[in-house]
Undergrad: 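Quick one: structure below, then a few questions.
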Amino acid sequence: ETYPIAAKIYGQNKQFDKAIEYISTYTKYFTYDNKAMFLQAQINFDAGNYLETIKIINKLFEQTKATPEYYHLRAIA
């Protein structure tokens, strides 16, 4: 649980490489944590990694019910 928190803090401080490193490590082992995967998509979007954002959102669509937030982020990416 500390990895997503650290990723969020790094992302808020515009340290996107560190944020992506932390959240990617977390989601590698907790593949069905949809909140963490959405955070990963948001951080990648903020970092300008739009294709990676779309890939993550597409995975979320496969794993769970789509939410308006998923559609919104995918549409603007």
Side-chain angles (χ1 to χ4, degrees):
E1 194 67 29
T2 57
Y3 275 70
I5 293 168
K8 194 171 192 175
I9 291 168
Y10 279 120
Q12 289 171 344
N13 289 312
K14 309 265 189 257
Q15 296 178 9
F16 298 119
D17 290 341
K18 273 286 204 198
I20 291 169
E21 179 184 331
Y22 272 83
I23 198 63
S24 295
T25 299
Y26 182 83
T27 57
K28 179 179 176 181
Y29 297 104
F30 298 96
T31 57
Y32 289 99
D33 186 337
N34 297 330
K35 288 176 81 173
M37 285 186 68
F38 186 69
L39 176 61
Q40 184 180 16
Q42 287 178 312
I43 291 169
N44 273 282
F45 178 82
D46 292 342
N49 301 330
Y50 305 119
L51 290 176
E52 188 62 26
T53 300
I54 292 170
K55 287 180 192 177
I56 296 165
I57 294 293
N58 286 342
K59 262 191 224 177
L60 280 168
F61 284 148
E62 292 171 8
Q63 287 182 194
T64 187
K65 283 184 173 179
T67 67
E69 291 85 11
Y70 297 174
Y71 282 110
H72 175 75
L73 189 58
R74 185 172 165 205
I76 62 174

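This structure is a prediction, so every number in the text was calculated from the model and none was measured. Basis for what follows: all heavy atoms, side chains included, without hydrogens, waters or symmetry-related copies.
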Undergrad: Verify the neighbour count for atom CD1 of I76: are there more than 12 heavy atoms of other residues, nucleotides or ligands below 6.0 Å?
TA: yes
Undergrad: For the residue pair L73 and F38, establish whether any side-chain heavy-atom pair is separated by less than 4.5 Å.
TA: yes
Undergrad: Identify, with sequence neighbours excluded, every residue that meets side-chain hydrogen bond (donor to acceptor under 3.5 Å, both in side chains) alongside T25.
TA: none
Undergrad: Can you get from F61 to I56 by hopping between Ile, Leu, Val, Met, Phe, Trp and Tyr side chains that sit under 4.5 Å apart?
TA: yes
Undergrad: Rounded to the nearest 0.5 Å, how far apart are CG of L60 and OH of Y32?
TA: 11.5 Å
Undergrad: Between atom CE of M37 and atom OG of S24, what is the distance when rounded to the nearest 0.5 Å?
TA: 10.5 Å
Undergrad: Could you work out, with side-chain hydrogen bond (donor to acceptor under 3.5 Å, both in side chains) as the rule, every residue matching E21, not counting sequence neighbours?
TA: none
Undergrad: Does anything in residues 66-77 form a side-chain hydrogen bond (donor to acceptor under 3.5 Å, both in side chains)? List the pairs, not counting sequence neighbours.
TA: N58-R74, T67-E69
Undergrad: Below 3.5 Å, can you tabulate the donor-acceptor pairs from side chains in residues 3-18 to any protein atom, sequence neighbours excluded?
TA:
from, atom 1, to, atom 2, distance (Å)
N13, ND2, I9, O, 3.1

Undergrad: Using side-chain heavy atoms (C-beta onward) and a distance below 4.5 Å, is Y26 in contact with T2?
TA: no
Undergrad: Under 3.5 Å, which donor-acceptor pairs link side chains of residues 41-50 to any protein atom two or more places apart or in another chain?
TA:
from, atom 1, to, atom 2, distance (Å)
N44, OD1, N49, ND2, 3.1
N44, ND2, Q40, O, 2.9

Undergrad: Rounded at 0.5 Å granularity, tell me how far CD1 in I23 sits from CG in D33.
TA: 7.5 Å
